[in-house]
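The block underneath contains the structure these notes are about, expressed in C-alpha cells.
For ligands, and for the atoms within them, numbers begin at 1 and follow the listed sequence.
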Amino acid sequence: MASNSMNSFSPDKPFVYQHSIMHPELQRLLEDNFNMVQPAQVEEYRDKISAIFCFVAPPVRVELIASFPNLKVVGNCAVGYEHVDVKACFERGIRVGYTPNVLNAATADMGWALLLAAARRVVDGDKISRDPSTEHFELNSFGFQVSGTTLGIIGMGRIGLEFAKRAMGFDMKLLYYNRSKYSKEIEESLNATYTPNLDDLLCQSDYVVLLAPSTPETHHMMSSPQFKVMKRSSIFVNIARGKLVDQDALVAALRDGTIAGAGLDVTDPEPLPRDHPLLTLHNVTLTPHTGSATLHTRAGMVQMTINNIWAALKGQEMVNEVKSS
Ligand code: GLV
C-alpha cells in the first residue's frame, strides 16, 4: 500500500502520479525520490504532476495522459509498453521510459519454471501429495520428458537468449523463429538453428515457448492453424503477452488433444474471468504474470524507472527511452 499522506509531501520533490501499486519495500524507493500522488489525491495535485509511474496494468490511456496539463514523462516499470498510449504521449512531447534487460534472467527463469511444471505435472503432484485421501502414490502419473528433447523459441530477443542459455543444461536441441538470424558463433554457442518458417519450428518442437513482443503484427500469431501443426505431445508456454494467442483456439487445442498442455504466465485479459474455460482445464499450469516478480528484479526495475523519470524531468538522456510508437 502507498504510505504517502498529503502532509509528507515535500515541495522539493517532483509530483508523480501513482497509476499502479507497488510492493511496500519498493514503494519506499519511489517515495524517497518523489511525492507519490495516489488516485484519491489527484484533484488536489493535478497541476503539479509531471510524471506517471505505471506497471503493466492498468493501461495508460489518452484520457489519463490528457488529464495532466504539466506531464513530462511516463515511467513505465516494465519492458513491454503496449499498455501505454505512446502515440498520445509523443503528440504532446511526453517522453516514455521502460525497463529492458534488468528482468531478462528472472523472466527466463519463470518461463523454465512453467515449462518444467507443465511437463512434469508439478501442480498435480502438489495436490496429490497434500490430499488427505492419498494413501499411496500412483506409479502411472506420467509427465513429459524434458532433457534431450527439442525446444522451439518464438521471438529470440533479450529474454529469449536467456531462455535459450538455460536449455543447454537440459541437452535440448534448439530451434528459433525470430525477426533476424543470429551470427554463426551465437547459434553454435547455443546449439540453435534458425527456422525462418514458423511451421517448421512448430512441427518439430516438443516445447514451444512464446517470447515475442506484443505488436499489431504478432496479435493472435498462435491460433488454430499453428496449434494444429504442433505435435500432439507438445507443450506450449507463453511468458510474453496474452494477446499473442487466440485463446479460444488454445482452449480447443487443449481440450481435444491437439497439444498436450500449456504453461501460461500471461492471458488476455488478466486476470481471466473466473468462469473462463482455461481455468477448468487440468492440462494448463497458470501463474499470475509473475515473469519478473522477484524482489531483486522488481527493485532493479523500479530503480531504472526512477532514473528514467529523473532524467526526463532534468531534460537529460534517459537510461531506456521508447523512441517510436
Ligand atoms: C512484464 O511483463 C514486462 O513487460 O516487464
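Remark: Ser234 engages no residue in a side-chain hydrogen bond (donor to acceptor under 3.5 Å, both in side chains) (not counting sequence neighbours). In this view, Phe53 satisfies the ring pair (Phe, Tyr, Trp, His ring centres under 6.0 Å) rule with no residue, not counting sequence neighbours.
The side-chain hydrogen bond (donor to acceptor under 3.5 Å, both in side chains) contacts involving residues 112-127 comprise Arg121-Asp124, Asp126-Arg130, where partners must be two or more places apart or lie in separate chains.
For an aromatic pair to be called close, the ring centres must be under 6.0 Å apart, and Tyr207 with Phe144 fails this. With ring centers used as reference points, Tyr17 lies 6.0 Å or more from Tyr45. The aromatic ring centroids of Tyr177 and Tyr194 lie 6.0 Å or more from each other.
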Can you produce the list of protein nitrogen or oxygen atoms under 3.5 Å from a nitrogen or oxygen of ligand 1, alongside each distance?
{"unit_1": "ligand 1", "atom_1": "2 (O)", "unit_2": "Arg241", "atom_2": "NH1", "d": "2.8"}
{"unit_1": "ligand 1", "atom_1": "2 (O)", "unit_2": "Arg241", "atom_2": "NH2", "d": "3.4"}
{"unit_1": "ligand 1", "atom_1": "2 (O)", "unit_2": "His289", "atom_2": "NE2", "d": "2.6"}
{"unit_1": "ligand 1", "atom_1": "4 (O)", "unit_2": "Val79", "atom_2": "N", "d": "3.3"}
{"unit_1": "ligand 1", "atom_1": "4 (O)", "unit_2": "Gly80", "atom_2": "N", "d": "2.8"}
{"unit_1": "ligand 1", "atom_1": "4 (O)", "unit_2": "Arg241", "atom_2": "NH2", "d": "2.6"}
{"unit_1": "ligand 1", "atom_1": "5 (O)", "unit_2": "Val79", "atom_2": "N", "d": "2.8"}

